[in-house]
> 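Submitted below is the structure of interest, expressed as structure tokens.
By convention in this document, chain letters (A, B, ...) are assigned in the order of the sequence lines, proteins followed by strands, and residues within each chain are numbered from 1. The analysis underlying the following values was restricted to heavy atoms, covering all of them including side chains, and did not include hydrogens, waters or symmetry mates.
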Number of protein chains: 4
Amino acid sequence: MQLFAEDGYNAVSTSKVARMAGVSEGLVFRHFKSKEGLLNAVMEMGKKRIIALFAKVSEKDEPKAVLRRIIEIPFNIGQDEYHFWRLIYMVKWQTNDYIDSLFEPINEMLIKAFRELDYSDPQSEAEAIKMMIDGIATNLLLRRTENPQNLLKSIFEKYDL
Amino acid sequence: MQLFAEDGYNAVSTSKVARMAGVSEGLVFRHFKSKEGLLNAVMEMGKKRIIALFAKVSEKDEPKAVLRRIIEIPFNIGQDEYHFWRLIYMVKWQTNDYIDSLFEPINEMLIKAFRELDYSDPQSEAEAIKMMIDGIATNLLLRRTENPQNLLKSIFEKYDL
Amino acid sequence: MQLFAEDGYNAVSTSKVARMAGVSEGLVFRHFKSKEGLLNAVMEMGKKRIIALFAKVSEKDEPKAVLRRIIEIPFNIGQDEYHFWRLIYMVKWQTNDYIDSLFEPINEMLIKAFRELDYSDPQSEAEAIKMMIDGIATNLLLRRTENPQNLLKSIFEKYDL
Amino acid sequence: MQLFAEDGYNAVSTSKVARMAGVSEGLVFRHFKSKEGLLNAVMEMGKKRIIALFAKVSEKDEPKAVLRRIIEIPFNIGQDEYHFWRLIYMVKWQTNDYIDSLFEPINEMLIKAFRELDYSDPQSEAEAIKMMIDGIATNLLLRRTENPQNLLKSIFEKYDL
DNA sequence: CATGAATGAGGGTTCATTCAT
DNA sequence: GATGAATGAACCCTCATTCAT
């Protein structure tokens, strides 16, 4: 995961993977059939972690709290999930599989929250939040932003949270 | 540009480029010195188009109009600029050169506009807009969003535009 | 060794090497890392043979016998060592590594012998012999000389051997 | 000549030649037909200089003086002839044309001189001298020898010159 | 006479994948 | 299960040579 996330799928050779894992190159193919199989396995592994992450959000019921939690998600990317997030966004641009499925539960929570807050177009609002998350993630993952906390505050204000 | 934008720098072979351009592979190297030289040339070419695009914004003086123009930018990515935008965002994830310089003029316009509108933290607001643009571009370029116009409206409302 | 010796390092393609060895081109690089690595391996291999050759000389103690043995060396280049000698002299002209180290032990034996024979400038005499060896090798390796035995005799006479 | 002499025929690209000569690459081929044609022209050019060099020797009649002159030749390689000599010896190892023709006049002078000095095998003596010249040239051209004058003296003594 | 754009074969090298052990 | 030697296709790039201008 680390290698794929840092260098991109194409730039990582299977020999590098094997070396880093401390096994023979042959073994990689025995287990994962092909390089792509390895990628799939890695993605699957990480998906579970992300889903667990999203699960925590749904516990809260109060709509504003839900929004807050969701918007905070990309700001709280820890060292552990860092590689996986980077991988996801990296892969998005290389394969054409936009990993929507991952964000589907989030999507529904957003719509529900906006509806409860009487927004006129909950669907579009949800869309806007997801885009914002993409934008935030893009920027944070590429290490550009200096003080994300101010940014978070300014977003919260926009939604009166 | 099209090839790099669609498949990513690494995944495009110089022979593919040559074939698509209808020339010999050797010629590519005669003109651009190396594969990276070709990328640079393509980027430079596109930069000019982007800069021209941004130039139009500065003509307007009224701060709300400026904001509107800027936010609209990613929604108006035409067929012509499509490949270049995709290329920029693609490259961002493959090399570590975040192409900030391109967005620098936009950044200053944003800060100025927010200041004139008496926002309390213009810097962070500008940051937020740029992230939003990244998010919007990411989504539109990966062909995910169905009706972007609603989305645009909902963003405008947020800033009372 | 044979290919490098006959055609010169530059003129030998790795594909030619692979074909002649009856293996795939990839394997050459797996074993030797690069074309230069292959050259080094070949040189190292041959060096050992040469050193073994020189070792025989030192057994003799009597100075004139030592001289005789040393001068005879290039005349006795066998089919086995032929390629390696050719390689050494070939490489000398292509890289700037004059392989002096190989001849260092010989050099000292020569000086010692000339000193014992009361030559006035043993150093220069040794130098002269080494040049002669270079000359002889050059000529024999390029297959020019017809009857080297007469030549050997005439050299021996010069040193009263 | 300089390029070929320094880097070897194979390592010099025609584009390098053209650049160094300050002309277009096409012109090189217009004049010399091919890269090999260029080499031939260069060789031919230099041959004349060498022959002129040798011509001076024949003026002297006294056999010992002739020998001295001939043996001195490689010691007097000037900056002008340096490249050509290097080229000749370089080429010897890359093509199989040993350029004997060049040395033929020298050969005959040597035989004549040794005969006049009543050497028992003038032919082999001439052979020995030529080898010595090759050895000396090899060493001087590869910049190894420190004080060639001592060496020259020690050779002269050997022939009682 | 002179240019330089264009070519195509071949250069060294990497890499995903296979397979005997 | 695990290895690593072996493969061959593809990669980026160089180069001698041609040819329209």
> Dot-bracket for DNA chain F, please, read 5' to 3', with Watson-Crick or G-U wobble pairs under 3.5 Å on both distances, ( ) within the strand, [ ] crossing, | other strand, . unpaired.
.||||||||||||||||||||

> In this structure, how many angstroms lie between the P atom of E/dG11 and the NZ atom of C/K16, rounded?
8 Å

> Relative to A/Y9, does A/K35 satisfy both conditions: NZ or CZ under 6.0 angstrom from the six-membered ring centre, and within 45 degrees of the ring's axis?
yes

> For A/Y89 versus A/I133, what's the shortest heavy-atom pair and its separation?
OH-O, 4.1 Å

> Pull out every residue in residues 22-35 of chain C that has a heavy atom closer than 4.0 Å to any atom of DNA chain F, ordered by number, or say none.
C/V23, C/S24, C/G26, C/L27, C/R30, C/H31

> So, for A/P74 and A/A137, which heavy atoms are closest and what is the spacing to 0.1 Å?
CB-N, 4.3 Å

> Rounded off to whole Å, could you give me the CG-to-P distance for the C/L38 and E/dT13 pair?
10 Å

> What's the shortest heavy-atom distance between B/A5 and B/H83, and which atoms?
CB-O, 3.1 Å

> Do B/E25 and B/S15 have side-chain N/O donor and acceptor atoms under 3.5 Å apart?
no

> I need the minimum non-hydrogen distance between C/T138 and D/D134, along with the two atoms involved.
CG2-OD2, 4.4 Å

> Work out which heavy atom in D/A41 is nearest to a heavy atom in D/F32; give both atom names and the distance.
CB-CE2, 3.5 Å

> What distance separates A/N10 CG from A/F4 CZ, expressed to the nearest 0.5 Å?
9.5 Å

> Using 0.5 Å steps for rounding, measure from the CG atom of C/L102 to the CZ atom of C/F54.
6.5 Å

> What is the distance, to the nearest angstrom, from the CZ atom on B/R19 to the C1' atom on E/dA6?
18 Å

> Heavy-atom contacts under 4.0 Å between residues 1-15 of chain D and DNA chain F, which residues?
D/V12, D/S13, D/T14

> What distance separates C/I50 CD1 from C/K48 NZ, expressed to the nearest 0.5 Å?
13.5 Å

